[in-house]
Amino acid sequence: MREMDTKKALAIEIVRQLRGKGHTALLAGGCVRDMLMGITPSDYDIATSASPKEVTGLFEKTIQVGAQFGVIIVLKEGHPFEVATFRSEGPYSDGRHPDSVRFCDPEGDARRRDFTINGMFYDSVQERLLDYVGGQQDIKSRLIRTIGEPHDRIKEDRLRMIRAVRFASRFEYEIEESTRKAVQEYAPKILTVSWERIREELEKILVHRNRSIGIKLLDELGLLEHVLPEITKMKGVTQPDNLHPEGDVFTHSLLTISHLEDTNWVLAMGALLHDVAKPVTWELRDGRIRFPYHEGIGAEMAGNICDRLRTSREEKERIAWLVKRHMAFKDAR
């Protein structure tokens, strides 16, 4: 908590320095959302009227990570802060980056963002909220809603479909109806997004305590069958009632990941995929349901999934090992 207090103080110091030179400067995006929710932000972003050149000239240590989009990293006491010039954006021909950027005012900047809960600003000097998109009301209503027309926001960056799921599962919010319908319509287009970006969002979903809610929501919206089709194939795969009274393999796998505590990506993936081979090894022999060699076949399948998601070699090996060895628990005395 002390580090977070320090980061907030440093962010406000950056705001004051920018304002001292005559620029508008506001806390922006996720940190404002978290403060309204009573959550301590992990990061503080700043939006400003200052140009990237003016930002780099004002602060001693900066990194130009996206100057063409108006984004500069300012380093303060070893902490990085994203400082972005207010901007509006042109069409996204590649489904990820805008073809053009035009610097604008705070309201124009708010309206190019993804979801209403992420589109607010906070004036830390006058201590007032600037909400041009209805984010505060959607927090009260517990809704994830795109800013503007949902189809437009999703066409700009299709990863926003998985991001909607991440925010909805994390905060236990509903996805607003028109946003939900747009995600369901565009779900098959998710594979136009790079696997690296998809994995990053999946990781954020799976390491959070509400990970099973996230996987269920991915399934409901039609996204899971495209990014992790092996998981959707678990649905309806029956198991012996005496060993698994909870239900089919899909239900069992979600129940498994729901019991993880303080997990990481590797353990969460190992738990999610531990029975990934049951749909392909299911057989009825002598009146009994069996899954012969599913742990070994599952380890190979898990490795293929890791390759698809572009995980590191070390992560792939550890996840596959967990899947291959998960049956050892039944032999523990």
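We're numbering straight along the sequence, starting at 1.
Contact annotation: the side chain of Glu220 approaches that of Arg180 to within less than 4.5 Å [non-hydrogen atoms, C-beta and beyond]. In this structure, the side chains of Ile72 and Ile63 stay at 4.5 Å or more apart for every pair of heavy atoms. Counting only heavy atoms from C-beta outward, the side chains of Phe121 and Asp109 approach each other to under 4.5 Å. Proximity of Thr281 to Ile297: side-chain heavy atoms (C-beta onward) are separated by under 4.5 Å at one or more points. Contact check for Glu54 versus Lys21: no side-chain heavy atoms found under the 4.5 Å cut-off. In this structure, Phe81 and Leu10 have side chains that are in contact, with non-hydrogen atoms separated by less than 4.5 Å. Between Met301 and Val280 the shortest side-chain heavy-atom distance falls below 4.5 Å. Under the 4.5 Å side-chain criterion, counting only non-hydrogen atoms from C-beta, Arg19 is in contact with Asp123.
A donor-acceptor contact shorter than 3.5 Å is absent between the side chain of Thr62 and the backbone of Val74. Judged by distance alone, the side chain of Arg145 and the main-chain N or O of Thr116 form no donor-acceptor pair under 3.5 Å. Within the 3.5 Å criterion, the main-chain N or O of Pro245 finds no donor-acceptor partner in the side chain of Asp241. Side-chain N or O atoms of Ser141 include none that pairs as donor or acceptor with a backbone N or O of Leu143 at under 3.5 Å. Between the Arg113 side chain and the Ala110 main chain, no donor and acceptor come within less than 3.5 Å of each other. A donor-acceptor pair under 3.5 Å links the side-chain atoms of Thr179 to the main chain of Thr146, judged by distance alone. In terms of modelled atom types and a separation under 3.5 Å, the side chain of Glu176 and the main chain of Ser178 share a donor-acceptor contact. In terms of modelled atom types and a separation under 3.5 Å, the side chain of Glu317 and the main chain of Glu314 share no donor-acceptor contact. No donor-acceptor distance shorter than 3.5 angstrom exists from the side chain of Thr263 to the backbone of Leu260, with no hydrogens or angles considered.
Across all non-hydrogen atoms, the minimal contact from Met35 to Pro41 is CG-CG, 3.8 Å. Scanning both residues, Ile198 and Val193, for their nearest heavy atoms gives CD1-O, 3.8 Å. Across all non-hydrogen atoms, the minimal contact from Ile319 to Ala302 is CG2-CB, 4.4 Å. Across all their heavy atoms, Ala168 and Leu217 have their closest contact at CB-CD2, 3.7 Å. Ser169 approaches Asn210 most closely through the heavy-atom pair O-ND2, 2.9 Å. In terms of heavy atoms, Pro52 sits closest to Gly70 at CG-CA, 3.6 Å.
Linking ILVMFWY side-chain heavy atoms closer than 4.5 Å, directly or via other members, places Ile154 and Val165 in a single hydrophobic cluster. By the criterion of side-chain heavy atoms lying less than 4.5 angstrom apart, applied directly or through intervening Ile, Leu, Val, Met, Phe, Trp or Tyr residues, Trp321 is grouped together with Trp265 in one hydrophobic cluster. No path of Ile, Leu, Val, Met, Phe, Trp and Tyr side chains, each step under 4.5 Å between heavy atoms, connects Ile12 with Leu18, placing them in separate hydrophobic clusters. When hydrophobic clusters are built by joining Ile, Leu, Val, Met, Phe, Trp and Tyr residues whose side-chain heavy atoms come closer than 4.5 Å, directly or via intermediates, Met327 is not grouped with Phe291. Hydrophobic clustering (side-chain heavy atoms under 4.5 Å, transitive across Ile, Leu, Val, Met, Phe, Trp, Tyr) groups Tyr293 together with Leu273.
Within 6.0 Å of the CD atom in Glu149, the count of heavy atoms belonging to other residues, nucleotides or ligands exceeds 12. More than 12 heavy atoms of other shown residues, nucleotides or ligands fall within 6.0 angstrom of atom CD in Gln126. The neighbour count for Glu283 CD, taken as heavy atoms of other residues, nucleotides or ligands under 6.0 Å away, is above 12. The local environment of NZ in Lys216 is sparse, with at most 12 non-hydrogen atoms from other residues, nucleotides or ligands closer than 6.0 Å.
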Intermediate values then yes/no, salt bridge (charged side-chain N to carboxylate O under 4.0 Å, His left out), Asp262 and Arg209: CA-CA 8 Å; Asp262 299 323; Arg209 59 182 174 81; over 6 Å; no

Verdict with supporting geometry, Phe250 and Leu224, side-chain contact (heavy atoms from CB on, under 4.5 Å): CA-CA 12 Å; Phe250 184 76; Leu224 191 65; 4.1 Å; yes

Check against salt bridge (charged side-chain N to carboxylate O under 4.0 Å, His left out), Asp105 and Arg111: CA-CA 10 Å; Asp105 59 10; Arg111 297 197 181 282; over 6 Å; no

Audit row: Ile46, Leu26, side-chain contact (heavy atoms from CB on, under 4.5 Å) steps and yes/no: CA-CA 6 Å; Ile46 295 111; Leu26 305 164; over 6 Å; no

Candidate pair Asp248 and Thr238, rule side-chain contact (heavy atoms from CB on, under 4.5 Å), full reasoning: CA-CA 5 Å; Asp248 64 13; Thr238 55; 5.7 Å; no

Residues Thr232, Leu228; criterion side-chain contact (heavy atoms from CB on, under 4.5 Å); working and verdict: CA-CA 7 Å; Thr232 60; Leu228 286 173; over 6 Å; no

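Atom OG1 of Thr256 is separated from atom NE2 of His326 by 9.0 Å, given to the nearest 0.5 angstrom. Distance CD/Glu315 to CG/Asn264: 9.0 Å, rounded to 0.5 Å. In this structure, Glu295 CD and Arg325 CZ are separated by 9.5 Å, a value rounded to the nearest 0.5 Å. Atoms CZ and CD1, on Arg160 and Ile147 in that order, are 8.5 Å from each other to the nearest 0.5 Å. Of the inter-residue distances, the one linking Phe86 atom CZ with Arg112 atom CZ reads 10.5 Å to the nearest 0.5 angstrom.
Partner Arg163 forms a side-chain contact (heavy atoms from CB on, under 4.5 Å) with one of Ile205, Asp157, Ile144, Asn118 and no other, that one being Asn118. With Lys278 as the partner, the side chain to side chain donor-acceptor pair (under 3.5 Å) test is satisfied by one option alone out of His294, His252, Gln239: Gln239.
A tilted orientation is assigned to the rings of Phe171 and Tyr173, their planes being inclined by 30° to 60°.
Salt-bridge annotation for Glu201 and Arg197: absent, with no side-chain N of the basic residue lying under 4.0 Å from a carboxylate O of the acidic one. Salt-bridge annotation for Lys7 and Asp43: present, with a side-chain N of the basic residue lying under 4.0 Å from a carboxylate O of the acidic one. A salt bridge between Glu230 and Arg308 is present, with a side-chain N of the basic residue lying under 4.0 Å from a carboxylate O of the acidic one. For the pair Glu196 and Arg310, the salt-bridge criterion is met [side-chain N within less than 4.0 Å of a carboxylate O]. Of the charged side-chain nitrogens involved, none lies within less than 4.0 Å of a carboxylate oxygen, so that Arg33 and Asp138 do not count as a salt-bridged pair. At a threshold of 4.0 Å, the pair Glu156-Arg153 counts as salt-bridged, since one of the basic side-chain nitrogens sits closer than that to a carboxylate oxygen.
A donor-acceptor pair shorter than 3.5 Å can be found between the side chains of Glu246 and His244. In this structure, a donor-acceptor pair under 3.5 Å is present between the side chains of His151 and Glu185. Side-chain contact annotation: Gln17 with Lys76, donor-acceptor N/O pair under 3.5 Å present.
For the pair Arg290 and Trp282, the cation-pi criterion (under 6.0 Å, within 45° of the ring axis) is not fulfilled.
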